[in-house]
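Report on one structure; see the data block that follows.
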There are 2 protein chains.
Amino acid sequence: MSDLLERLRARGWRMTSQRRVVAEVLDGDHVHLTADEVHARAVARLPEISRATVYNALGELVSLGEVIEVSTDGRAKRYDPNAHRPHQHLVCSRCGTIRDVHPAGDPLTDLPAEQRFGFTVSAVEVTYRGLCPGCA
Amino acid sequence: MSDLLERLRARGWRMTSQRRVVAEVLDGDHVHLTADEVHARAVARLPEISRATVYNALGELVSLGEVIEVSTDGRAKRYDPNAHRPHQHLVCSRCGTIRDVHPAGDPLTDLPAEQRFGFTVSAVEVTYRGLCPGCA
DNA sequence: TCTTGACTTGGACTCTGTCCATCGTAGGAT
DNA sequence: ATCCTACGATGGACAGAGTCCAAGTCAAGA
Ligand SMILES: [Mn+2]
Ligand SMILES: [Mn+2]
Ligand SMILES: [Zn+2]
Ligand SMILES: [Zn+2]
């Protein structure tokens with residue numbers, strides 16, 4: 001699913017050079033970059049792009065459902081372009097490496113009705129933590 | 001499970017008036033307070049306690065395993081004294097209310113071996129999101 | 001009571017993110 | 001191809017959350 005630019009254009013997203021560069025940086029399925037990392041990579045292609053613009057573009061991509069915000073460490077949020085296939089994250093507690101994982105079954109069904117306290121539950125985020133092969 | 005002060009003293013935690021107040025604020029099982037909320041409540045009992053001291057004490061309680069850090073919203077971390085019974089969280093997307101929940105089974109077993117990529121997986125955090133009865 | 005290492009303090013500092021007035025431009029209209 | 005203008009970009013100020021540090025204070029063992 002690498003036609004991010006196409007989809008954005010088709011949805012009437014006004015295409016500026018800045019937005020194009022941000023989308024290109026995120027294109028591909030296995031990155032989980034912070035806003036400042038996105039900015040750094042964007043600057044390599046378009047030196048004048050500002051931090052505010054990167055934040056704006058990321059916020060819009062999230063609103064459009066093309067990118068997911070992930071916060072696994074209580075520090076900077078990470079931006080995940082793998083928004084079209086539901087998945088969870090496996091995080092190394094030492095080096096911070098993040099892997100996409102696909103648990104068996106729907107994690108939502110693990111929460112029995114009597115544990116929902118009248119809530120309308122619509123989403124679930126799961127973060128598995130441990131040590132990666134390199135850090136173990 | 002309200003003998004937090006006792007356990008801390010038994011473990012040789014040097015007991016200052018500041019630390020006592022922080023522990024007292026957290027004592028009880030159903031709070032999920034931010035550091036600044038803990039500070040505000042602590043100030044009510046000990047007006048001169050500083051923010052830095054609250055952060056220090058909270059960090060130590062976390063290290064001691066007596067309090068859990070929870071970050072459900074990418075903003076301020078919350079401190080949860082319910083550290084002795086594993087549980088997960090159900091969060092209202094509108095008002096931010098947090099409830100402790102106990103899903104069926106061990107969420108760790110949902111992650112098959114072939115999805116662990118050589119990681120030693122030791123913990124899992126699950127956040128269920130939806131609307132609480134008042135916000136629905 | 002004395003001593004001392006551990007704890008507390010407030011303010012400066014860092015990191016992450018938001019806001020805003022002003023300037024620039026993408027893309028429809030002509 | 002050129003013009004218009006509403007929408008987007010910019011950078012710098014600002015805000016929220018948390019960390020760090022040098023100096024002062026105190027809990028608790030001797
Ligand atoms: Mn991902
Ligand atoms: Mn809890
Ligand atoms: Zn690692
Ligand atoms: Zn609510």
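Labels below follow one simple rule: chain letters A, B, ... track the order of the sequence lines, proteins then strands, and each chain is numbered from 1.
- Taking OH of A:Y79 as the reference point, atom CG of A:L58 lies at 5.5 Å (rounded to 0.5 Å).
- Within residues 57-74 of chain B, no residue approaches DNA chain C, by heavy-atom distance under 4.0 Å.
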List the protein contact pattern of nucleotides 23-30 of chain D with one symbol per nucleotide (5' to 3'): B for base contact, S for sugar-phosphate-only contact, - for none; contact means a heavy-atom distance under 4.0 Å. ---BBS--
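- A continuous path of Ile, Leu, Val, Met, Phe, Trp and Tyr side chains, each step under 4.5 Å between heavy atoms, connects A:L5 with A:V54, placing both in one hydrophobic cluster.
- Across the protein-nucleic acid pair, B:K77 atom NZ and D:dT19 atom C1' stand 11 Å apart, rounded to whole Å.
- Atom CD of B:E48 has 12 or fewer neighbouring heavy atoms from other residues, nucleotides or ligands inside a 6.0 Å radius.
- Residue pairs meeting the salt bridge (charged side-chain N to carboxylate O under 4.0 Å, His left out) criterion with at least one partner in residues 94-115 of chain B, sequence neighbours excluded, do not occur; the list is empty.
- B:R75 places its CZ atom 7 Å from the C1' atom of D:dG16, with the value rounded to the nearest Å.
- Note: NE2 (A:H39) to C1' (D:dA9) measures 12 Å, nearest angstrom.
- Listed by residue number, B:E48, B:I49, B:S50, B:A52, B:T53 are the residues of residues 41-54 of chain B with a heavy-atom contact under 4.0 Å to DNA chain C.
- For the residue pair B:E66 and B:L8, the shortest heavy atom distance occurs at CG-CD2, 4.1 Å.
- Once rounded to the nearest 0.5 Å, the distance linking CD1 of B:I68 with CD of B:E125 reads 9.0 Å.
- In this structure, the side chain of A:T53 does not engage the main chain of A:I49 through any donor-acceptor pair within 3.5 Å.
- Each end of the helix from C:dT1-D:dA30 to C:dT30-D:dA1 gets its own rotation axis from five pairs of C1' atoms, and the angle between them is 30° to the nearest 10 degrees.
- Put simply, the residue from A:H39, A:R45, A:R41 that forms a side chain to side chain contact (heavy atoms under 4.5 Å, CB included) with A:V43 is A:H39.
- Counting only residues at least two apart or on different chains, no salt bridge (charged side-chain N to carboxylate O under 4.0 Å, His left out) pair has a member in residues 81-90 of chain B.
- Between the side chains of A:R7 and A:H84, at least one donor N or O sits under 3.5 Å from an acceptor N or O.
- A:H89 and A:D80 share a side-chain donor-acceptor pair at under 3.5 Å.
- D:dG18 atom C1' lies 11 Å from atom CG of B:N56, rounded to whole Å.
- For A:Y55 and C:dG17, the shortest distance from a side-chain N or O to OP1 or OP2 is below 4.0 Å.
- Linking Ile, Leu, Val, Met, Phe, Trp and Tyr residues whenever their side-chain heavy atoms come within less than 4.5 Å places A:V21 and A:V67 in a single cluster.
- Rounded to an integer number of Å, the gap from A:E37 CD to C:dG17 P is 11 Å.
- Between A:H102 and A:H87, the two ring planes are tilted [angle within 30° to 60°].
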